[in-house]
2 protein chains.
Amino acid sequence: MEEVRLVGGALPVNEQEKKEEVLNRYMEQHGLKSTRQRSLIIDTFFAIGGHLSVEELWSKVREQDAKVSVATVYRTMKLLNDCGLAHARNFGDGQTRYEAAAGREHHDHLICTRCGRIVEFENDRIEAMQEAVARKHGFTVTSHKMELYGLCKDCQRQPPAPKTEA
Amino acid sequence: MEEVRLVGGALPVNEQEKKEEVLNRYMEQHGLKSTRQRSLIIDTFFAIGGHLSVEELWSKVREQDAKVSVATVYRTMKLLNDCGLAHARNFGDGQTRYEAAAGREHHDHLICTRCGRIVEFENDRIEAMQEAVARKHGFTVTSHKMELYGLCKDCQRQPPAPKTEA
DNA sequence: ATCTCTGCAAAAAGTTTGCAATAAG
DNA sequence: CTTATTGCAAACTTTTTGCAGAGAT
C-alpha cells in the first residue's frame, strides 16, 4: 500500500514511442532543438510520473546534472504542456504541478489532505451527468476539473505519519 | 441576460443577519475587533458578490476609502475564510478568488472560457457518485471542487463581445 | 490602559524574462 | 555559420510579514 504513493505515474513502454513521436513532431514544426538538459528533464519527468511541482522535478534533475537551472525546467515543462504531453495542474498548494498526459484518458483526482497522496480515477457516469448539467445551463463543456479532497485509507486511522507528496 | 454576469452573488436580506451573527461570534471568540476597514471590506465583499480577486475587491474598497491597504484586504479575507463566511477559490488565472459562503449550499461552477462568466450549480446525484467513487478508493471526502469549462449560451454564437469577469 | 489593527514597506514564494555565452543542426 | 538554448540574475506577481503608530473596548 505504501509504494503506491501516486497512481498514474510513468508511462508503459509502448507509450514511450508515441510520446517521442509527438515530441519530435512538435519540436520539428517549431524549430526547436533537442538538448542535453531538455532530454534530461523530459526523461526524468516521465520516469518519475505522478504530479510533480517544478521544484520537485528540478531537484530530481539536479541529481543527474547539478548545473541545470530552474528556468530551464520551467521552460521545458511549458513546452511539454504546449505539445500536450503534460498537463499543468493546480491543487491549491500554491504551486503548479505537472502530470504526464500522453495517450492517457481524461481523469480526475482524489487528494488526501493529510499526506498529500493523489489518486486518479475516472467515471463515465459522472462525466455524462456533468454534460447534462451543462446543457441545462446552456453551456457546451470543453474540459473540466474535478477534485475530491479528504482522507485516504491510511490517514483515516490517524497513526501513519503525514508525508509530503512524493 | 447580460446583467447576470455571475450567479450566486450578494446575499438575500435574511441571510445578512445570519452572516453577521456568525461573524460576531467568531470575532468575539477570537478576541478580534471590529474596525472601520474590516467592516468596509466585508460589506463591500458581500454587496458585490460573485468571485472576487483580492485586487478587484481592493479597488472597490478604495472607492470608499482610498487609504485601505492591500494587506488589510488580504488579512480580512483570510479571516472571512476562516470563519466560514467566504471560500477561497482558484480558477487557474493565477489569483485566489473569494466567494460568499454564508448559509449557501455547496455548489460547483460552470465557467465560460470566452467571456469569463461563472454560473453556479449543484447536483446531488453527482455528489452521491463522487462519494461512491471515493469510497471505492478508500477515501473519506471532506470537500470537493468541480469546474466545467466551456462556452456559455451567448458565446456559442460567436458575436457577443468577450467581457472580462465582473 | 491594554491589546488588536492598520499602513507601509520589506520579504517571501513562485514564475518569467533579458542577455551574453554556449551548443545544436 | 546561424539560430535556438542555457544559466544567471534581475524582474514580476501574488501574498505574507514585521513593526511603529493609530484605534477599539
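As the structure is a computational prediction, the values presented were derived from the model and not from experiment. The chains referred to below are lettered A, B, ... by the order of the sequence lines, with proteins before strands, and numbering in each begins at 1.
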K.L.:
How do B:Ser69 and A:Tyr74 order along DNA chain C: which one's closest nucleotide is nearer the 5' end?
P.N.:
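Taking each residue's closest nucleotide, the earlier one in sequence belongs to B:Ser69.
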K.L.:
With sequence neighbours left out, what residues match A:Glu147 under side chain to side chain donor-acceptor pair (under 3.5 Å)?
P.N.:
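Testing A:Glu147 for side chain to side chain donor-acceptor pair (under 3.5 Å), a comparison that skips the adjacent residues, returns A:Tyr149.
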K.L.:
Rounded off to whole Å, could you give me the CZ-to-P distance for the A:Arg62 and D:dG7 pair?
P.N.:
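Taking atom P of D:dG7 as the reference, CZ of A:Arg62 is at 12 Å.
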K.L.:
What residues from residues 22-41 of chain B pass a heavy-atom cutoff of under 4.0 Å to DNA chain C?
P.N.:
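Under 4.0 Å from DNA chain C: B:Gly31, B:Leu32, B:Lys33, B:Thr35, B:Gln37, B:Arg38.
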K.L.:
Per the side chain to side chain donor-acceptor pair (under 3.5 Å) rule, what does the pair list look like for residues 59-74 of chain B, sequence neighbours excluded?
P.N.:
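Counting only pairs at least two positions apart or across chains, the side chain to side chain donor-acceptor pair (under 3.5 Å) contacts touching residues 59-74 of chain B are B:Arg36-B:Asp65, B:Ser69-B:Thr72.
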K.L.:
With sequence neighbours excluded, tell me which residues meet ring-ring contact (aromatic ring centres under 6.0 Å, His included) with A:His144.
P.N.:
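Scan of A:His144 (ring-ring contact (aromatic ring centres under 6.0 Å, His included), adjacent residues dropped) gives A:His106.
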K.L.:
Can you sort out the partners of B:Thr96 under side chain to side chain donor-acceptor pair (under 3.5 Å), two or more places apart, ordered by chain and number?
P.N.:
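Once residues adjacent in sequence are excluded, B:Thr96 has no partner under the side chain to side chain donor-acceptor pair (under 3.5 Å) criterion.
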K.L.:
When we call it a touch if two heavy atoms are under 4.0 Å apart, what does A:Ser53 touch: a base, just sugar-phosphate, or nothing?
P.N.:
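Touches nothing.
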K.L.:
Can you check nucleotides 19-21 of chain D for protein contacts, nitrogen or oxygen pairs under 3.5 Å, and list what you find?
P.N.:
none

K.L.:
From A:Ile126 CD1 over to B:Ile126 CD1, what is the distance, rounded to the nearest 0.5 angstrom?
P.N.:
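The CD1 atom of B:Ile126 is 7.0 Å from CD1 of A:Ile126, to the nearest 0.5 Å.
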K.L.:
Just grab all the ring-ring contact (aromatic ring centres under 6.0 Å, His included) pairs involving residues 111-133 of chain B, residues at least two apart or on different chains.
P.N.:
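Every candidate ring-ring contact (aromatic ring centres under 6.0 Å, His included) pair involving residues 111-133 of chain B fails, so no pair, neighbours aside, qualifies.
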K.L.:
Who passes ring-ring contact (aromatic ring centres under 6.0 Å, His included) against A:Phe91, sequence neighbours left out?
P.N.:
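Partners of A:Phe91 under the ring-ring contact (aromatic ring centres under 6.0 Å, His included) test: A:His51, A:His109.
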K.L.:
Give me the first and last nucleotide of DNA chain C, going 5' to 3', that has any atom under 4.0 Å from a heavy atom of chain B.
P.N.:
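Range of nucleotides within reach of chain B: C:dC3 to C:dC8.
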K.L.:
Please list, chain by chain and in numerical order, all residues satisfying side chain to side chain donor-acceptor pair (under 3.5 Å) with A:Asp93, sequence neighbours excluded.
P.N.:
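Partners of A:Asp93 by the side chain to side chain donor-acceptor pair (under 3.5 Å) criterion, ordered by chain and then number, come out as A:Arg97.
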K.L.:
Mind checking B:Val70 for me? I need base, sugar-phosphate or nothing, with any heavy atom below 4.0 Å counting as a touch.
P.N.:
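No contact at all - B:Val70 keeps every heavy atom at 4.0 Å or more from the nucleic acid.
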K.L.:
Give, for atom CD1 of B:Ile111 and atom SG of B:Cys152, the distance between the pair rounded to the nearest 0.5 Å.
P.N.:
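Answer rounded to 0.5 Å: 12.0 Å.
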K.L.:
Apply side chain to side chain contact (heavy atoms under 4.5 Å, CB included) to the pair A:Leu57 and A:Tyr98, showing each step before the final yes or no.
P.N.:
CA-CA 9 Å; A:Leu57 179 55; A:Tyr98 287 92; over 6 Å; no
K.L.:
Under the rule for salt bridge (Lys or Arg N to Asp or Glu O under 4.0 Å), what residues qualify as partners of B:Arg38, not counting sequence neighbours?
P.N.:
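Partners of B:Arg38 by the salt bridge (Lys or Arg N to Asp or Glu O under 4.0 Å) criterion come out as none, since no residue qualifies.
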K.L.:
Please report, rounded to the nearest Å, how far the P atom of D:dT14 is from the CG atom of A:Asp93.
P.N.:
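These atoms are roughly 18 Å apart.
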K.L.:
Between atom CZ of A:Phe46 and atom CD1 of A:Ile42, what is the distance when rounded to the nearest 0.5 Å?
P.N.:
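Nearest 0.5 Å value for the CZ-CD1 distance: 7.0 Å.
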K.L.:
To the nearest 0.5 angstrom, please state how far the NE2 atom of B:His107 sits from the CD atom of B:Glu122.
P.N.:
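Nearest 0.5 Å value for the NE2-CD distance: 8.5 Å.
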K.L.:
Starting from P on D:dT13, measure out to CD on B:Glu55 and report it in whole angstrom.
P.N.:
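So the two atoms are 11 Å apart, to the nearest Å.
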K.L.:
Roughly, in whole Å, what's the span from NZ in A:Lys67 to P in D:dA9?
P.N.:
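Between P of D:dA9 and NZ of A:Lys67: 13 Å.
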K.L.:
Could you tell me, to 10°, how much the axis swings from one end of the helix from C:dA1-D:dT25 to C:dG25-D:dC1 to the other, five pairs per end?
P.N.:
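Taking the rotation axis at each end, their angle is 30°.
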